[in-house]
Amino acid sequence: MRGTGRGRPGGTETGTETGTETGTETRAETGTGTRVVIVGGGPVGHRVAERLRHHGHDGPVTLLDAEPGPAYHRVLLPSLLDGTLTPADLRLPDLPDVRLRHGVSAAGIDRRRRQVRTTEHDRVPYDTLVLATGARPHLPPVPGLRHASGWLVDGVTGLRSLADCARVRGDEIVVLGGGPLGVETAAALRRGGRNVTLVHPGPYPLDDRLDAAAGGLLTRHLAELGVRLELGRVAAGVLPGKLALDDEWLLAWDTLLCCTGVRPRTRLAAAAGLAVRTGVLVDGEGRTSDPAIRAVGDCTEPADSLFTGWEQAEAVARSLTGRRVPYGGDAWRRPVFRLRVPGLTLGVLGDGGAGAGDGAGAGAGAGAEIVTYRDPARGRYARLALDPAGRLTSAVLVGLPQALATLTQLYDTGAPLPTSRLALLLGRPAPRSGPLPALPPEAVVCRCNNVTKAALADAFAVGAREPGALADATRATTGCGSCAEEVRGLCREFAESTP
Ligand SMILES: Cc1cc2nc3c(=O)[nH]c(=O)nc-3n(C[C@H](O)[C@H](O)[C@H](O)COP(=O)(O)OP(=O)(O)OC[C@H]3O[C@@H](n4cnc5c(N)ncnc54)[C@H](O)[C@@H]3O)c2cc1C
């Protein structure tokens with residue numbers, strides 16, 4: 001992927017934009033001809049570049065990325081491990097009119113001259129710098145995981161990049177960490193035919209999001225896939241080809257995959273003297289402690305922690321192009337989690353049921369209504385918490401795809417549930433419940449590919465009239481597939497409102 005138009009493309013080119021003269025020139029923070037430099041070409045940095053052009057930014061945009069190839073959907077990396085996708089399938093859309101420099105890192109920031117020093121030994125001047133340096137895997141301090149030099153032992157890796165995927169080899173894989181990444185990765189590797197053991201300190205995977213009933217169904221599904229589970233255990237020491245657990249049990253590994261969290265990459269920002277705590281401190285429009293420098297995505301610590309990287313990218317792009325941001329719409333702020341394990345629908349809306357144990361009522365406020373539905377034989381479970389007005393405040397659902405789609409819509413719009421909760425959970429039409437409220441255009445339907453309802457409507461309007469065509473046009477449903485039901489529903493909705 002190479003830039004066209006303004007600036008010259010290329011990751012190896014040096015010196016084309018260097019020089020203190022242009023670098024010290026002071027221009028308005030926004031406006032015609034403003035030079036924007038983005039450091040980091042992950043999904044959020046890529047998104048900033050795309051949205052800048054979308055909102056009419058006409059100055060040069062340069063994007064530096066340490067990774068050697070084109071930007072890609074990081075969340076879909078497990079699909080490489082089970083062989084369902086290739087790296088080419090993960091590629092993000094090209095960025096016309098952006099000068100892309102892949103394989104080039106920012107080595108330092110000269111804030112006085114407003115220049116970025118690169119690992120190619122050149123300097124790139126900016127009027128606005130956007131840091132999108134993301135996060136790196138955090139590996140636990142287990143004895144033997146690293147050499148004395150600090151380098152990881154061969155075969156030990158995190159999972160954050162294409163390069164990390166390429167490091168996964170051999171038949172025996174031990175995955176440390178039963179959070180979403182560990183679970184999705186373990187399931188993908190198993191589907192790809194490897195022997196997988198998942199080690200997790202909690203009583204069941206995702207125990208910080210699920211109640212015990214949902215956790216039990218997830219554990220059962222993983223075991224049926226053939227994933228071996230070491231629950232309630234932690235890694236105590238790494239030996240050559242073996243992992244010692246705290247009960248002294250030894251697990252053989254060819255690859256030891258640590259899905260044990262991430263930490264924001266803040267070294268560049270901190271070295272430049274920007275205010276950094278856990279992440280780079282930013283306001284709602286990505287401003288750091290230096291007004292000429294914004295930061296977005298996983299490297300940041302936003303004032304409002306519910307802002308996603310996508311929202312930050314949009315906010316920064318709008319702000320830099322002089323547009324105000326419709327920020328803080330309720331629909332944008334509601335946390336929705338869907339596990340990407342094919343064959344299992346599992347979703348959590350709000351804080352789900354963590355801490356609810358196996359009973360109803362825990363975690364719900366006064367006057368709240370708790371609806372619980374259990375059908376373990378069919379692998380189905382739901383626990384909904386509603387406020388006194390009948391609006392969903394949190395939910396955990398397993399094995400109920402249609403109900404998850406409908407409830408996500410109700411949750412996003414903040415509308416009350418139909419009176420027949422059971423009919424809704426079983427996906428049957430609910431008499432006297434009235435039509436569901438329409439999803440707002442900016443609602444993200446496909447969270448893997450960040451496809452909004454508006455994007456689907458646009459594709460429909462220009463001829464993508466059935467779900468398959470919508471998927472081809474927008475990539476919706478091509479990630480985990482858990483939005484397929486919603487996309488089908490929207491397709492029907494668009495068809496009904498089209499003359
Ligand atoms: C398998 C997987 C599944 C995930 N699933 C979800 C999910 O379901 N929901 C969710 O919200 N999130 C999920 N995430 C996390 C999500 O991928 C991140 O939130 C997202 O990638 C953040 O994007 P970013 O652009 O801020 O940072 P990153 O994706 O980390 O990208 C940062 C980029 O900056 C580059 N960089 C760093 N320092 C420099 C430098 N000095 N110079 C130049 N370049 C630099 C890096 O090489 C990297 O390419 C998942 C992650 C993985 C790995």
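Start at 1 and go down the list; that is how both ligands and their atoms are numbered. Remember, it's a predicted structure, so these values are computed and weren't measured experimentally.
Of the candidates Thr133, Leu63, Asp65, Asp65 brings a heavy atom nearest to atom 35 (C) of ligand 1. Between the choices Arg160, Arg338, Arg74, His102, the shortest heavy-atom distance to atom 48 (C) of ligand 1 belongs to Arg74.
Thr413 places a side-chain N or O within 3.5 Å of a backbone atom of Leu410 that can act as its donor or acceptor partner. Looking only at distances, a side-chain donor or acceptor of Arg190 sits under 3.5 Å from a matching main-chain atom of Arg194. His57 contributes a side-chain N or O that, together with a main-chain N or O of Thr34, makes up a donor-acceptor pair within less than 3.5 Å.
For ligand 1, the atoms lying closer than 4.0 Å to a non-hydrogen atom of Gly45 are 25 (O). Which parts of ligand 1 touch Pro78 is read off a 4.0 Å heavy-atom cut-off, strictly below it: atoms 1 (C). Set against the non-hydrogen atoms of Leu159, the atoms of ligand 1 under 4.0 Å away are 53 (C). Each of the following atoms of ligand 1 lies closer than 4.0 Å to a heavy atom of Gly134: 26 (O), 27 (O), 28 (P), 30 (O), 32 (C). In the vicinity of Val104, heavy-atom distances shorter than 4.0 Å reach the ligand 1 atoms 43 (C). Heavy-atom contacts of Leu181 reach the following atoms of ligand 1: 1 (C), 2 (C) (cutoff under 4.0 Å). In summary, the atoms of ligand 1 found under 4.0 Å from a heavy atom of Gly297, numbered by their order in the structure, are 26 (O). Residue-ligand proximity, Leu64 to ligand 1, at heavy-atom distances under 4.0 Å covers atoms 43 (C), 44 (N).
Using a cutoff of 4.0 Å between basic side-chain nitrogens and carboxylate oxygens, Asp290 and Arg114 are not scored as salt-bridged. Salt bridge annotation for Arg47-Glu311: absent, with no cationic side-chain nitrogen under 4.0 angstrom from a carboxylate oxygen. Contact check on Glu172 versus Arg228 returns a salt bridge, with a Lys/Arg side-chain nitrogen under 4.0 Å from an Asp/Glu carboxylate oxygen.
Residue-to-ligand polar distances keep Glu184 apart from ligand 1: every N/O pair is separated by 3.5 Å or more. Of the N or O atoms in Ala106, one or more lie within a sub-3.5 Å distance of an N or O in ligand 1.
Contact annotation: for Ala135 versus ligand 1, heavy atoms closer than 4.0 Å belong to the backbone alone. Under 4.0 Å from ligand 1, not a single heavy atom of His46 appears. Contacts of Ala132 with ligand 1, taken as heavy-atom pairs under 4.0 Å, involve the backbone alone.
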Discussion item. Could you go through Thr300 and Gln312, starting from their C-alpha distance and side-chain angles, then the distance that decides it, and tell me whether this counts as side chain to side chain donor-acceptor pair (under 3.5 Å)?
Written reply: CA-CA 10 Å; Thr300 66; Gln312 289 181 307; 3.1 Å; yes

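Within 6.0 Å of the CZ atom in Arg111, the count of heavy atoms belonging to other residues, nucleotides or ligands exceeds 12.
Looking only at protein heavy atoms, the nearest one to atom 34 (O) of ligand 1 is Gly40 CA, 3.2 Å.
At least one heavy atom of Arg340 sits less than 4.0 Å from an atom of ligand 1.
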